[in-house]
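This is a predicted model, so every value here is computed, not measured. All values below were derived from every heavy atom in this structure, side-chain atoms included, with hydrogens, water molecules and symmetry-related copies excluded.
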Amino acid sequence: MTERIFSCPVCEATDFSPFIETTDFFLTGEDFAIQQCAACEFKFINPRPDEAEIGRYYQSAEYISHDAKSKSLFSRLYKLARFVSIRSKFNIVQRHANQGTILDIGCGTGEFLRYCKSRGFEVSGVEPNEKAALYAQKVNKIPVTNILSNLAGKTGNFDCITLWHVLEHLHSLNESLDVVKELLAPGGVLIIAVPNGDSWDAQKYGKYWAAFDVPRHLYHFNEATLTKLMTKHGFELQKVIPQKLDAYYVSMLSEKYWSGRTNYLKSLFVGFWSNFQALKQGRGHSSQIFVLSAKKA
């Protein structure tokens, strides 16, 4: 079944306008409408599949974050990038958070948490996908729960909470952030990575931009809307960090959706140019990491 949004998840305004209509190029070929809030310009799918229905849009062996054994070329490239990315993510955590406890929401198969564990962190994960959670538990030895609300009541338990390209998937966006605020320890750090709908590659590819990824990506942030949402929940932005590798991977998928074929050389150029334009135009990179802390009372 579908559900409709009647008030903006960021600013609660009720006046929306059409932004773009795009397609689930990855799996089903279904079309979805993205609307934009007239007040804050936040973008979101409307209407959207409800929580009971959304699971079928993840049921593919090529949904790489949930399938550690996929052998396709895209999967191999993704895993190579992930190998580099895990270490980069850990370095960000290490620079900004106290070494202690870390919670990764949407931990997938648990590779990032396994690396954190090997570096001395006490780790926990949240992962709703049963197959991925089982892999994280059995193979990577990570304690995982399937629903964030299962952790409610563990006030101040975590020195660092991370959501690596997860926030845009959460149906209960504001409710989830309320739980995150409760779970974060005093002086703790919240780290969120999301695609940037203002990026040069997003403008170039339009409806074919792979990071729209409808309907799995329910929301489409830029720096302004992400900051506004987090301020509403009592967080302060400390730093924005680019994820430069994402521009290349997103461009490869976008090029395939746009032209019907994979063009690696062109995708590499587009990724490079998007990163260059992020510096020149100031619109941000294809994906960005936000380091946040709770506001002091």
Practice problem: Please name all residues satisfying ring pair (Phe, Tyr, Trp, His ring centres under 6.0 Å) with Tyr115, sequence neighbours left out, ordered by chain then number. | Solution: Phe90
Quiz item: Could you walk me through whether Asn140 and Lys117 pass the side-chain hydrogen bond (donor to acceptor under 3.5 Å, both in side chains) check?
Solution: CA-CA 10 Å; Asn140 288 327; Lys117 185 178 179 180; over 6 Å; no
Practice problem: Identify, with sequence neighbours excluded, every residue that meets side chain to side chain donor-acceptor pair (under 3.5 Å) alongside Glu255. | Solution: Tyr205, Lys266
Exercise. With sequence neighbours left out, write down each residue that passes side chain to side chain donor-acceptor pair (under 3.5 Å) with Thr23, or none if nothing qualifies.
Key: Asp31
Quiz item: Should the ring pair Phe269 and Trp273 be called parallel, tilted or perpendicular, given that the plane angle runs from 0 to 90° and is split at 30 and 60?
Solution: parallel
Compile the donor-acceptor pairs under 3.5 Å between side chains in residues 1-20 and protein atoms, sequence neighbours left out, one pair per line.
unit_1	atom_1	unit_2	atom_2	d
Glu3	OE2	Arg48	NE	2.8
Glu3	OE2	Arg48	NH2	3.1

Exercise. Kindly write out the residues that satisfy ring pair (Phe, Tyr, Trp, His ring centres under 6.0 Å) with Tyr257, not counting sequence neighbours, or none if the list is empty.
Key: Phe25
Quiz item: Listed by chain and number, what are the side chain to side chain donor-acceptor pair (under 3.5 Å) partners of Gln36, not counting sequence neighbours?
Solution: Lys43
Quiz prompt | Transitive ILVMFWY side-chain link Val250 to Leu268, under 4.5 Å | solution = yes
Quiz item: Who passes side chain to side chain donor-acceptor pair (under 3.5 Å) against Asp104, sequence neighbours left out?
Solution: Thr162
Quiz item: How would you list, by chain and number, every residue that makes a ring pair (Phe, Tyr, Trp, His ring centres under 6.0 Å) with Phe235, sequence neighbours excluded?
Solution: none
Between side-chain atoms of residues 151-161 and protein atoms elsewhere (two or more places apart, or another chain), which donor-acceptor pairs fall under 3.5 Å?
unit_1	atom_1	unit_2	atom_2	d
Thr155	OG1	Glu182	OE2	3.4
Asp159	OD2	Thr101	N	3.0
Asp159	OD2	Thr101	OG1	3.3

Self-check item: Under the ring pair (Phe, Tyr, Trp, His ring centres under 6.0 Å) test, residues paired with Phe221 that sit two or more places apart
Solution: Phe42
Quiz item: Which residues satisfy the salt bridge (charged side-chain N to carboxylate O under 4.0 Å, His left out) test with Arg56, sequence neighbours excluded?
Solution: Glu30, Glu53
Quiz item: With Asp24, which residues qualify under salt bridge (charged side-chain N to carboxylate O under 4.0 Å, His left out), at least two apart?
Solution: Arg216
